[in-house]
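This structure is a prediction, so every number in the text was calculated from the model and none was measured. Chain naming here is simple, since letters A, B, ... match the order of the sequence lines and numbering starts at 1 in each.
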Number of protein chains: 2
Amino acid sequence: MDDALWEFVVGAGDHWGTTYGLPPVAGRVFGWLLVCDPPEQTADDLAEHLQASKGSISTATRILIGFQMIDRLRIRGERADRFRLKHGLWEQQLLDPGLDKTRALLTQGLDALADSPAPRSERLRELDLFYAWYAERSPQLVEEWREYRRTHLAAKQEQATGGRGV
Amino acid sequence: MDDALWEFVVGAGDHWGTTYGLPPVAGRVFGWLLVCDPPEQTADDLAEHLQASKGSISTATRILIGFQMIDRLRIRGERADRFRLKHGLWEQQLLDPGLDKTRALLTQGLDALADSPAPRSERLRELDLFYAWYAERSPQLVEEWREYRRTHLAAKQEQATGGRGV
DNA sequence: CTGAATGTTCAGTAATATCTGAAAATAATG
DNA sequence: CATTATTTTCAGATATTACTGAACATTCAG
C-alpha cells in the first residue's frame, strides 16, 4: 500500500485502538480491514500488508473477534480462514455501546454509597439515568439511521456501482 | 474510603480510562471525582485518597482537563486549586463524541483511496455517512435527554433533597 | 492415515508507559 | 519584597505491554 493509505491505517488503528484499548497491531488490523481489497483477508494477507508476525496477527484477530469488531470466515474451497469487518458494526455500536457493563459498574458504585447521604451519589444517579434513557432510546435511533442510510447511501451507490447495489 | 468504594473507583478508572486512553492514575482521579465528598477536591485530597504522588496527580489533572472531563476551580479565599467533574460532561459527550477528529480521519482515508475503484471505499463512505447523520441528529438528541432528565431526575431529587434542588 | 498447510501458544525480549520524588517555577500572603 | 504554599516539570527507576519467532496443535486434502 502507499504511504497515504498506511498513514490512514495507523491513524485509524490508533483512533479505534484508543477507544477500545487495543494493542497497536490489533488496531491496524481493524484499520486495514476498513480499506483493504478484497474486504476478506487471510492471516497471511494481514501479516504481509501490516508487516507483523503470524503470532501478532493471531492474537490481534482473537481480540477483535472478542470485541465483535470482525468475523472469521471459512470460505468454501479455501484452506485459510479469512477475516472481515463485522457487518452491522456501527449499528450495533449505536444500539449498545457497552451499556450493560457500564450500568453494572454504576450499580456497584451506588451500592458502595448506599450508607452515604443522598447528595453524594447524585453524580452516579444522574449518570445511571442517562444510560437508562439511552438504552430505551437507542433501538429507535438505529431505525432512524437505517432510514437515513436508505435515502442517502443508496443514491451514492447508484452512481458508484451503476445500480448493482452491494 | 472503604474497600467497596475503592473497587468502584478503580473499576470506573479502568472503564473510562480504556475508553479515553488514560493512564491508571488519571482514570482513578476521574473515578474518585464521581463519588467524592465534597465534589471539589484539592490536589492534596486526590493524592491522599488515591495514594498517588503529587507529580502523578498534576499530570493526571492536566490530562483530564485536556479531555474536558474535569475543571480546575479557583475558590475565593482558598490557596489550593480544586478539581471537579466538568458540568454537562455527559451531554457534551452525547452531542459530540469526537466527531471532527473521526471525520477528519475518514476524509484522510477517502483521499488515500481516491484513485481506487469506488467499491473499495464503500466501507469508509458508509461510516462517513454515519457520522454525518449523527452530527446532524445529536443536538436534538441532547434536547430529548434534557427533557427526560427534567421529568425523571427531578422527581428523584425531590425525595432525596426535600425539593431544595441542586 | 499421512503429509502439508494453517493456526495458536508462549517464553523471551524489546519497546513503551507510568510513577515517584526532588528540584524548579509559579502564585499568594502579609 | 520576602516568605511560604502550591504546582509543574522531568530524570531516573519500575512496571507494564506488546511483539517475534519457534515449538506445538489443529485442520484439511488426498
Query raised in the report: Between Asp45(B) and Trp32(B), is any pair of side-chain heavy atoms under 4.5 Å apart?
Result: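 No, side chains not in contact.
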Requested in this report: Taking the side chain as every heavy atom from C-beta outward, state whether Gln92(B) and Lys86(B) have any atom pair closer than 4.5 Å.
Outcome: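 Gln92(B) vs Lys86(B): side chains apart.
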Atom pair distance, as rounded to whole Å: [atom1] in [X] and [atom2] in [N]:
{"X": "Asp44(B)", "N": "dT4(D)", "atom1": "CG", "atom2": "C1'", "answer": "14 Å"}
{"X": "Arg28(A)", "N": "dT20(D)", "atom1": "CZ", "atom2": "P", "answer": "10 Å"}
{"X": "Leu50(B)", "N": "dT18(C)", "atom1": "CG", "atom2": "P", "answer": "16 Å"}
{"X": "Leu73(A)", "N": "dT6(C)", "atom1": "CG", "atom2": "C1'", "answer": "16 Å"}
{"X": "Asp45(A)", "N": "dG7(C)", "atom1": "CG", "atom2": "P", "answer": "11 Å"}
{"X": "Ile63(A)", "N": "dC19(D)", "atom1": "CD1", "atom2": "C1'", "answer": "12 Å"}
{"X": "Leu46(A)", "N": "dT6(C)", "atom1": "CG", "atom2": "P", "answer": "14 Å"}
{"X": "Leu64(B)", "N": "dT7(D)", "atom1": "CG", "atom2": "P", "answer": "16 Å"}

Which of these nucleotides, [options], is closest to any side-chain atom of [X]?
{"X": "Arg79(A)", "options": "dT6(D), dA29(D), dT20(D)", "value": "dA29(D)"}
{"X": "Val25(B)", "options": "dT6(D), dC19(C), dA29(D)", "value": "dC19(C)"}
{"X": "Ala43(A)", "options": "dA5(D), dC19(C), dG7(C)", "value": "dG7(C)"}
{"X": "Pro23(A)", "options": "dA29(D), dC19(D), dC19(C)", "value": "dC19(D)"}

Report task. In sequence, state the C-alpha distance, the side-chain angles, and the governing distance for Arg125(B) and Glu122(B), and then conclude on salt bridge (charged side-chain N to carboxylate O under 4.0 Å, His left out). Result -> CA-CA 5 Å; Arg125(B) 279 182 283 114; Glu122(B) 188 195 315; 5.6 Å; no
Which atoms of nucleotides 8-13 of chain C (N or O only) lie under 3.5 Å from a protein N or O atom, and what are those distances?
residue	atom	partner	partner atom	Å
dT8(C)	OP1	Arg72(A)	NH2	3.0
dT8(C)	OP2	Ser58(A)	OG	3.2

Report task. Name the orientation class of the two ring planes belonging to Phe67(B) and Tyr20(B) (parallel below 30°, tilted from 30 to 60°, perpendicular beyond 60°). Result ->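 Because their plane-to-plane angle is over 60°, the rings of Phe67(B) and Tyr20(B) count as perpendicular.
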Query - Side-chain N or O of Arg74(B) closer than 4.0 Å to phosphate OP1/OP2 of dA28(C) - result: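 For dA28(C), OP1/OP2 do have a side-chain N/O of Arg74(B) under 4.0 Å.
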Requested in this report: Measure the spacing between CD of Glu48(B) and CD1 of Ile57(B) and express it to the nearest 0.5 Å.
Outcome: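 Output value for this atom pair is 11.0 Å.
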Query - Donor-acceptor contact below 3.5 Å, side chain Arg84(A) vs main chain Leu33(A) - result: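 Answer holds: no.
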Query raised in the report: Is there a donor-acceptor pair closer than 3.5 Å between any side-chain N or O of Thr18(A) and the backbone N or O of Asp14(A)?
Result: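 Answer holds: yes.
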